[in-house]
Amino acid sequence: MQDYMLDYLLDCQPDNILDYIPDNPYLLLTPGPLSTSRGVRAALLRDWCTWDADYNEEVVQNVRRRLVALATAHTQDYTAVLMQGSGSFSVEACLGSALGPEGKLLIMSNGAYGKRMVTIAETLRLNHVEYALIETEAPSAQALAGILAADAGITHVAMVHCETTTGMLNPLDEIAAVVRDCGKIFIVDAMSSFGGIPFDVDELGIDFLISSSNKCIQGVPGFGFVIARRAVLAACEGNARSHCLDLYDQWREMDPSGKWRFTSPTHTVRAFYAALDELEAEGGVSGRHARYCQNRQTLVDGMRALGFETLLEDSLLSPIITSFLYPSADFDFGTFYQKIKQQGFVLYPGKISAADTFRIGNIGEVYPADIERLLEVIRGVVNH
Ligand SMILES: *Cc1c(COP(=O)(O)O)cnc(C)c1O
């Protein structure tokens, strides 16, 4: 940055800071970190004192309250705990703190993020079983009911809502009904869906919902959060298998005062606050969901018109991210990626073993007009 610009930024009024926040060199069509708005990036520009109410009350507590209100209409029964690190740190904190010594966890997995929960359970030596599916198959409520009926020792069930590996939207409502009927504690990795797809954690019987700063709320990376049923979290004292990732202790410290146990990612949290303002201005989760659905529809229709096919059938597609099959055996994704990047868009490689795919994210500060521009760029590249 030029010195005169820095001088200007330091002197200027908040009203015109936005004119001096540079645009990004390309749009990230990746599912987190993703493209953020200038308003969110501008909010990073000052320091905060972690001992003062300016930050703890007005930023942290405000963010926690707003997260609970996004998750449920029954706000009094839930609380939000913020945790340093990327989203996986919050998954590890949640699994490691939710299960008591007698607990047994069933993990449903049909992609890399379900598998990551299995790896976490193995590493923490949690008593667990896996309901494993191939990456293109959705979990079945009926099969789940069978597994729970056959193993009364299972106390907790964990699933991924949107499996970002493929873009599959797993059938949360149907699974939730079975978990609730069986009286199990329900943990949902809603990392890539929370804030972008409407649902109510209390109505679904979700006890722990996990997400992070850099997905559908459209903040910058740096922390995750768990929205927990108060009564269930309150019973987790002493469960944690890690000192730093103790969700219960973090909650006890943070709940009264907004203070984090260890250094708080202050700038990231303040940017997240700005991102929450922008989510509200867009009409909340339903407004954002409508935009993401429009992005996805524009993308899928346009890509199909160019000869690309989606990995998944329409009923399984999420509005978050879409996997496309390579159009031919000699398709070179590396070259394709570089050509598209030179023209302002970053795509995402595939992550599954069963088929050659690449992915395009629909989330972030991305609008249908951006997708139309992307489709023009892709048309130019494939016709060359
Ligand atoms: C992004 C994501 C995570 C967390 O990944 P991090 O790299 O740790 O932020 C977990 N689950 C799902 C479904 C995700 O999309």
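Start at 1 and go down the list; that is how both ligands and their atoms are numbered.
For an aromatic pair to be called close, the ring centres must be under 6.0 Å apart, and Y326 with F308 fails this. For F208 and H156, the ring centers sit 6.0 Å or farther from each other.
Salt bridge annotation for R373-D370: present, with a cationic side-chain nitrogen under 4.0 angstrom from a carboxylate oxygen. Taking the charged nitrogens against the carboxylate oxygens, R38 and D23 do have a contact shorter than 4.0 Å, which makes a salt bridge.
Around the CD atom of E102, the shell of radius 6.0 Å holds no more than 12 heavy atoms that belong to other residues, nucleotides or ligands. More than 12 heavy atoms of other residues, nucleotides or ligands lie within 6.0 Å of NZ in K115, so this atom counts as buried by the packing criterion.
Atom 6 (P) of ligand 1 has its closest protein heavy atom at S86 OG, 3.4 Å. In terms of protein heavy-atom proximity, atom 9 (O) of ligand 1 is closest to G87 N, 3.1 Å.
Among I320, T164, D189, V188, the residue whose heavy atom sits closest to atom 15 (O) of ligand 1 is T164. Between S88, G32, A112, it is S88 that holds the heavy atom closest to atom 4 (C) of ligand 1. In the candidate list E92, K215, R116, M191, R116 is nearest to atom 7 (O) of ligand 1, counting heavy atoms.
Residue S192 has at least one heavy-atom neighbour below 4.0 Å for each of these atoms of ligand 1: 15 (O). Counting atoms of ligand 1 from 1 in the listed order, those under 4.0 Å from a heavy atom of V160 are 13 (C).
Considering only heavy atoms from C-beta on, L70 stays 4.5 Å or farther from R66 through its side chain.
No heavy atom of G224 sits closer than 4.0 Å to any atom of ligand 1.
Heavy atoms of C162 found under 4.0 angstrom from ligand 1 belong exclusively to the backbone.
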